[in-house]
Amino acid sequence: MGYLTTHILDTTKGVAAAGVKIHLYQHSTKGQRQLIHSTVSNSDGRCDQPLLQADSFSVGVYELEFAIDEYFADSLEDSDNNKPTAPSFLNTVVIRFGINDENAHYHIPLLVSPYSYSTYRGS
């Protein structure tokens, strides 16, 4: 059986991005999306369990949403615990991808800074 995992790395600090809210959606053939899983990245920037696995893992189009603005706002708090008031450049990072092999491991790393991000199909 296949499964889906992710890993978030903060390239600004060179560390794993802990505490990032993650939402996984599945797209229907009618273009609608349905929330199927929500979690928060752990201290290693990963999820404690696969985001999708076993009978839930199926061919289709999915989206991962990462609340990057909240992550960087929390990490940029000043000594008085005041969060920045201006909107951040990156808000929610959305990665839309397809699964076409129900027996494969799909790993989606996210490398992120306050001003850019990249992703790829990992192993």
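Heavy atoms only, all atoms of each residue included: Leu4 and Phe57 are closest at N-CE1, 3.8 Å. Of all heavy-atom pairs between Phe97 and Ile95, the closest is CD2-O, 3.5 Å. Considering every non-hydrogen atom in both Ala16 and Gly45, the closest pair reads CB-N, 3.6 Å.
Contact annotation: the side chain of Asp69 never approaches that of Leu90 to less than 4.5 Å [non-hydrogen atoms, C-beta and beyond]. Counting only heavy atoms from C-beta outward, the side chains of Ile8 and Ser41 approach each other to under 4.5 Å.
Contacts classified as salt bridge (Lys or Arg N to Asp or Glu O under 4.0 Å) and involving residues 39-61 (residues at least two apart or in different chains) are given here: Asp44-Arg46. Listed by first and then second residue, the salt bridge (Lys or Arg N to Asp or Glu O under 4.0 Å) pairs involving residues 110-120 amount to none (not counting sequence neighbours). The stretch residues 56-65 participates, sequence neighbours left out, in these side chain to side chain donor-acceptor pair (under 3.5 Å) pairs: Gln26-Tyr62, His27-Glu63, Arg33-Glu63, Arg33-Glu65, Ser58-Tyr62, Glu63-Arg96.
To the nearest 0.5 Å, the span separating CD1 on Ile68 from CG on Asn91 amounts to 10.0 Å. Atom CG in Leu51 sits 6.0 Å away from atom CG in Leu64 (nearest 0.5 Å).
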All N/O donor-acceptor pairs, side-chain side in residues 100-114, below 3.5 Å, sequence neighbours left out:
| residue | atom | partner | partner atom | Å |
| --- | --- | --- | --- | --- |
| Asn100 | OD1 | Tyr106 | OH | 2.9 |
| Asp101 | OD1 | Asn103 | N | 2.9 |
| Glu102 | OE2 | Val59 | N | 3.4 |
| His105 | ND1 | Tyr3 | OH | 3.4 |
| His105 | NE2 | Thr5 | OG1 | 2.8 |
| Tyr106 | OH | Asn100 | N | 3.0 |
| Tyr106 | OH | Asp101 | N | 3.2 |
| His107 | ND1 | Thr5 | OG1 | 2.6 |
| Ser113 | OG | Tyr115 | N | 3.1 |
| Ser113 | OG | Ser116 | N | 3.1 |
| Ser113 | OG | Ser116 | OG | 3.3 |

May I have the list of side-chain donor-acceptor pairs in residues 17-25 shorter than 3.5 Å, sequence neighbours left out?
| residue | atom | partner | partner atom | Å |
| --- | --- | --- | --- | --- |
| Lys21 | NZ | Glu70 | OE1 | 3.1 |
| His23 | ND1 | Ser38 | OG | 2.6 |

| query | Does the pair Tyr71 and Asp10 meet the rule for a side-chain contact (heavy atoms from CB on, under 4.5 Å), with working shown? | reply | CA-CA 10 Å; Tyr71 167 76; Asp10 179 341; 2.7 Å; yes

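Hydrophobic clustering of Ile, Leu, Val, Met, Phe, Trp and Tyr side chains at less than 4.5 Å, counting indirect connections, unites Phe66 with Phe89.
Other residues sharing a hydrophobic cluster with Val61 under the 4.5 Å side-chain heavy-atom criterion for ILVMFWY residues do not exist; the residue is a singleton.
Heavy atoms from other residues, nucleotides or ligands lying under 6.0 Å from CD of Gln53 number more than 12.
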